[in-house]
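Here is the structure we will look at.
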Amino acid sequence: MTESSDSTPDDPPPAPLHWQADVLASDGGVVRLRPITPGDAEELQRFHTALSERSRYLRYFGPYPRISPKDLHRTTHVDYHDRVGLVVVLGEAIIAVGRYELLDRTGPRAAEVAFVVADEHQGRGLGSILLEHLAGAAAENRIDTFVAEVLAENAVMVTVFREAGYQVERSRDGSVLHLEFAIDPTEALRSVRDARERASEARSVGNLLAPRSVAVIGATPSTGRVGGVVLANLLDGTFQGAVYPVNPERRSVRGVHAYPTVRDIPDEVDLAVVAVPADAIGSVLDDCMAKGVKGLLVLSAGFGEMGEQGRTAEAELVEAARGHGMRVVGPSALGIANTDPAVGLNATLATLLPGRGRIGFFCQSGPLGVAILAEAATRNLGLSTFVSAGNRADVSGNDLLQYWDTDADTDVILLYLESFGNPRKFSRIARRVARNKPIVAVSPSRLAARGMSDGELDRSIVRDLFAQSGVVQADSISEMFDCAALLGYQPLPRGPRPAVVGNSTALNWLTSDAARSEGLTVVDTVDLGPQATPEDYLTAVAAALESDETDAVIVIFAPPIPLPQTGYAEAIRAAVASVPESKPVLTTFASGDGIPNLLAVRGPGASAIRGSIPSFPDPARAVRALARVHRYARWRDLPASQLPDAAHINGDNGRPADIDSERAVRLMADWATDPSDRWLTDDETVLLLDCYGISVVEFRAVRDAEAAVAAAAELGYPVAAKATNESWRRRTDMSWVRLDLWRPEAVRQAYRDLAELCGDPLVHIQRMAPKGVGCVLKVQDDPAFGSVIEFGLSGPIIELLGDRAYRALPLSAQEAAALIDAPRAAPLLNGTPASPRVDKVALIELTRRISAMFDDLPEMRELSCEPVLAAPESAAILYARARIGPQPSRFDIGPRRLG
């Protein structure tokens, strides 16, 4: 290795705190990665000495039994710039070390990289984790290339580099392989990272949901206390593993031998269920860490929901648990359940669990979770697994999505979300998972995200970003289960054309009207009359299913007098069974009792099987469920979004010639210094947009009337005069603008009027743009989702109605097109009798170029293009403002980490 400097700092700079990360190993266990420090010298020597001779030989090409004092000092005293060291720790023990050192050579900045993993932790993917995080640190320090010297016989290390997603160049010198690769992020690299993240997070949740042994800490025989309820559920259920009550005051609980502490249990403990008061959890945590428990389910309340002191205690709990390899569900959790007969886990406080099914369910609120589980059981909706995460201090809905994506026993995913941890990661995972498994989410009116000051997300943004990710958004728990009943047991509709079959003219009409209001097209309404028999239903439903004109069938049974309904249910089932082509069927039995929520069950209280026919309390709910499922099916039929790779637009594989991101980066480096957060000047904004092939209609800034006339002559008549004062620009009455100025005197007068009106001598003289439809394009740095782009038509009425559409950046081509078509007023862009069709392609192109800019420049905080005049042959920006600021923590990029 060529040293970049002969000196080693005796007093190194502070270690970068943002390099510390909790990361999941490939087996689902948590490890902590952090920068190496001088205080690690003694532990590093212990780690090195404990390595096997084989491991030391493969790493150092020789025996090297101990690290010399000089090398130990050099390894632990780094500058975190040209020389960087990272350690992976479990508790206080170092279990892996990685480092890079800048090479003194011409060409791109390159560093030599190397790492070694403790023998007992090899095979857990720690080498790949170190490589990812070393590459992230190197990129921050403007290092372009990694070089590694590896013994040819070191197959494991060669595999780490080969499978990392980099384009590795190899050469050989005797027994040594020389590997070299650029560390710029690529699609292949992101794909590898995401695949490893998915596998490790799924494995982590799987470890919690399929434990071989469970300890209940705070176990008691009383079912009036938390520890008694969860122990009773575990013992009375079908759990296939061992259950260990922990209670220092009892020798046994419910006839099962009890232990004073977790440490006293003679066997391994996979899952510890904690049901002790919050102020007693410290000693319990110490016992679990000493025992090597793999996961904690904390049912105890009294943490984050109690205020700042509780949030601090909660953070300390998670910090300590993760530091010792554990994941945490909770605190204030309802529990977890797995209905797989091979597991049979009911570690919840719910006395009634639904039967076995193929629906996975995640929620946060414990009390609400009990009610939700009861309703699922009443509807015969079977679950595969259930997690109530309470305060969601660690395990979150994102983790469960990763698990259910890989779980062959789960077909539909239900989420009740009260807060977001990492919404951008949620969006990324959801759009992948929803391609194969529908996700139905419901959230309360206040939806929080970590790090938000006001604790509430804009509901319209959440709505649009859920739709962008393919998530079916329900407005209530009932709607969530309505959608689940349809998605879980019936096929997806191929189109928007239901047929209505019923024996009530009034209900048939109401159903048809409801369908049309939801955007569905009723192709046939069959009125069987109040005297219809089961045979009439069988014939009519079968005919509707056989028709090529229908995509779904809604069946209504509402007799004028109470009638036995079983025969009608059997007739509908028989009609469905008689038609080989599969289409969704929904029913409403409007009177009487005895018809279950699903028209095919194994028996009383059992879960329905696939092919069961959902029954809804009223036709309107059936229609709403069908409409939501149809929109999801339409989203799934679209080609999977291919996100642009740093401004790849127009379908090109390379960057368009008119985009100059290197120039933009240089400009940003000059501007983003002092002050670090500011609005760019108008001229700076024009320069920046020009780097991305985005033009603002040409203007000149003037400060007197004669300069205004000279600017008009230079630009060419006609021109417009506009005030620059922001308080006036926000007015909708256009009093700050003078349009269609054809003569010098008109320009002089316009300047004088505006300068006097606004009290500001600075006025813009601008070339007139082609007439068009006024639009608004804005990007803001949303505290939860990162950069979010907003599009809508301009005008006071539209502003009042809040008719805006939102998407998270970056945008694919189809997402950009969908954004332009999303506002309710968007049909005006297609032309009216009073105005021609506008150039929507130009609008789409503009949104994609803006997306590229925000993807390239992390300093971008805000951009407003208002108005944008969409004309038949152009989309002209009349005014643009941009704000820059310090780079935020990037929401979902870079090396893997739990967040």
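Between the side chains of Y632 and R636, at least one donor-acceptor pair of N or O atoms lies under 3.5 Å. A donor and an acceptor atom, one from each side chain of Q749 and D753, are located under 3.5 Å apart. Judged by distance alone, the side chains of E140 and W19 do bring a donor and an acceptor atom under 3.5 Å apart. Using a 3.5 Å distance cut-off with no hydrogens or angles, the side chains of D856 and Y692 do pair a donor with an acceptor.
Within 6.0 Å of the CZ atom in R743, the count of heavy atoms belonging to other residues, nucleotides or ligands does not exceed 12.
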Go through the steps to decide whether R807 and E815 satisfy the test salt bridge (Lys or Arg N to Asp or Glu O under 4.0 Å), and finish with yes or no.
CA-CA 8 Å; R807 296 292 186 273; E815 288 171 345; over 6 Å; no
Yes or no on salt bridge (Lys or Arg N to Asp or Glu O under 4.0 Å) for D475 and R463, after CA distance, side-chain angles and deciding distance?
CA-CA 10 Å; D475 294 330; R463 176 202 65 206; over 6 Å; no
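Side-chain contact check for R824 versus L801: some heavy-atom pair is nearer than 4.5 Å. For the pair V696/L878, no side-chain contact is recorded, criterion being any heavy-atom separation below 4.5 Å from C-beta on. Using a 4.5 Å heavy-atom threshold, the side chains of E862 and I884 count as separate. Between V868 and V776 there is no side-chain heavy-atom pair separated by less than 4.5 Å. Between I765 and F699 the shortest side-chain heavy-atom distance does not fall below 4.5 Å. Between L777 and I789 there is a side-chain heavy-atom pair separated by less than 4.5 Å. Between R896 and D194 the shortest side-chain heavy-atom distance does not fall below 4.5 Å. Residues I183 and D144 fail the side-chain proximity criterion, which asks for heavy atoms closer than 4.5 Å.
Taking each heavy atom of A880 and T685 in turn, the nearest pair found is O-CG2, 3.7 Å. For C775 against L829, the heavy-atom pair with the smallest separation is SG-CD2, 4.1 Å. Heavy atoms only, all atoms of each residue included: A882 and L863 are closest at CB-CD1, 4.0 Å. Residues L754 and A723 share a closest heavy-atom pair of CD1-N, 3.9 Å. Closest approach of P639 to Q814, counting heavy atoms only: O-NE2, 2.8 Å. The nearest pair of heavy atoms linking Q468 to A808 is OE1-N, 2.9 Å.
Comment: R516 engages D513 in a salt bridge, judged by a side-chain N to carboxylate O separation of less than 4.0 angstrom. Checked for salt-bridge contact, R700 and E714 meet the test: a charged N lies under 4.0 Å from a carboxylate O. Using a 4.0 Å cut-off between a side-chain N of Lys or Arg and a carboxylate O of Asp or Glu, K778 and E790 do not qualify as a salt bridge. Under a 4.0 Å N-O distance rule, the pair E756/R752 does not qualify as a salt bridge. Comment: R678 engages E684 in a salt bridge, judged by a side-chain N to carboxylate O separation of less than 4.0 angstrom. Salt bridge annotation for K840-E873: absent, with no cationic side-chain nitrogen under 4.0 angstrom from a carboxylate oxygen. Here K771 pairs with D740 in a salt bridge; the nearest charged N to carboxylate O distance falls below 4.0 Å. E745 and R748 are joined by a salt bridge, as a carboxylate oxygen and a charged side-chain nitrogen come within less than 4.0 angstrom of each other.
To the nearest 0.5 Å, the span separating CE on M860 from CG on L809 amounts to 10.5 Å. From Y879, atom OH reaches atom SG of C865 across 11.0 Å, with rounding to the nearest 0.5 Å. In this structure, D682 CG and L762 CG are separated by 7.5 Å, a value rounded to the nearest 0.5 Å. Summarising the geometry, atom CG belonging to L715 is positioned 8.5 Å from atom CD belonging to Q766; distances are rounded to the nearest 0.5 Å. One finds the NE2 atom of H764 at 5.5 Å from the OG1 atom of T724 (value rounded to the nearest 0.5 Å). Distance check: D677 CG to E859 CD gives 12.0 Å after rounding to the nearest 0.5 Å.
Listed for the Y751 side chain is a donor-acceptor partner under 3.5 Å among the backbone atoms of P761. Between the side chain of D660 and the backbone N or O of C691, no donor-acceptor pair lies under 3.5 Å. Between the side chain of D482 and the main chain of A625, no donor-acceptor pair closer than 3.5 Å is present. Between the side chain of S874 and the backbone N or O of A870, no donor-acceptor pair lies under 3.5 Å. Although no hydrogens or angles enter the test, the distance criterion places a donor-acceptor pair under 3.5 Å between the side chain of R861 and the main chain of P886. Listed for the R628 side chain is no donor-acceptor partner under 3.5 Å among the backbone atoms of V623. N141 places no side-chain N or O within 3.5 Å of a backbone atom of I143 that could act as its donor or acceptor partner. Panel note: side chain S864, backbone R881; no donor-acceptor pair is recorded below 3.5 Å. Of the possible donor and acceptor atoms, none in the side chain of S427 sits under 3.5 Å from a partner among the backbone N and O of S469. Put simply, the side chain of T832 gets close to the backbone of A834: a donor and an acceptor are under 3.5 Å apart.
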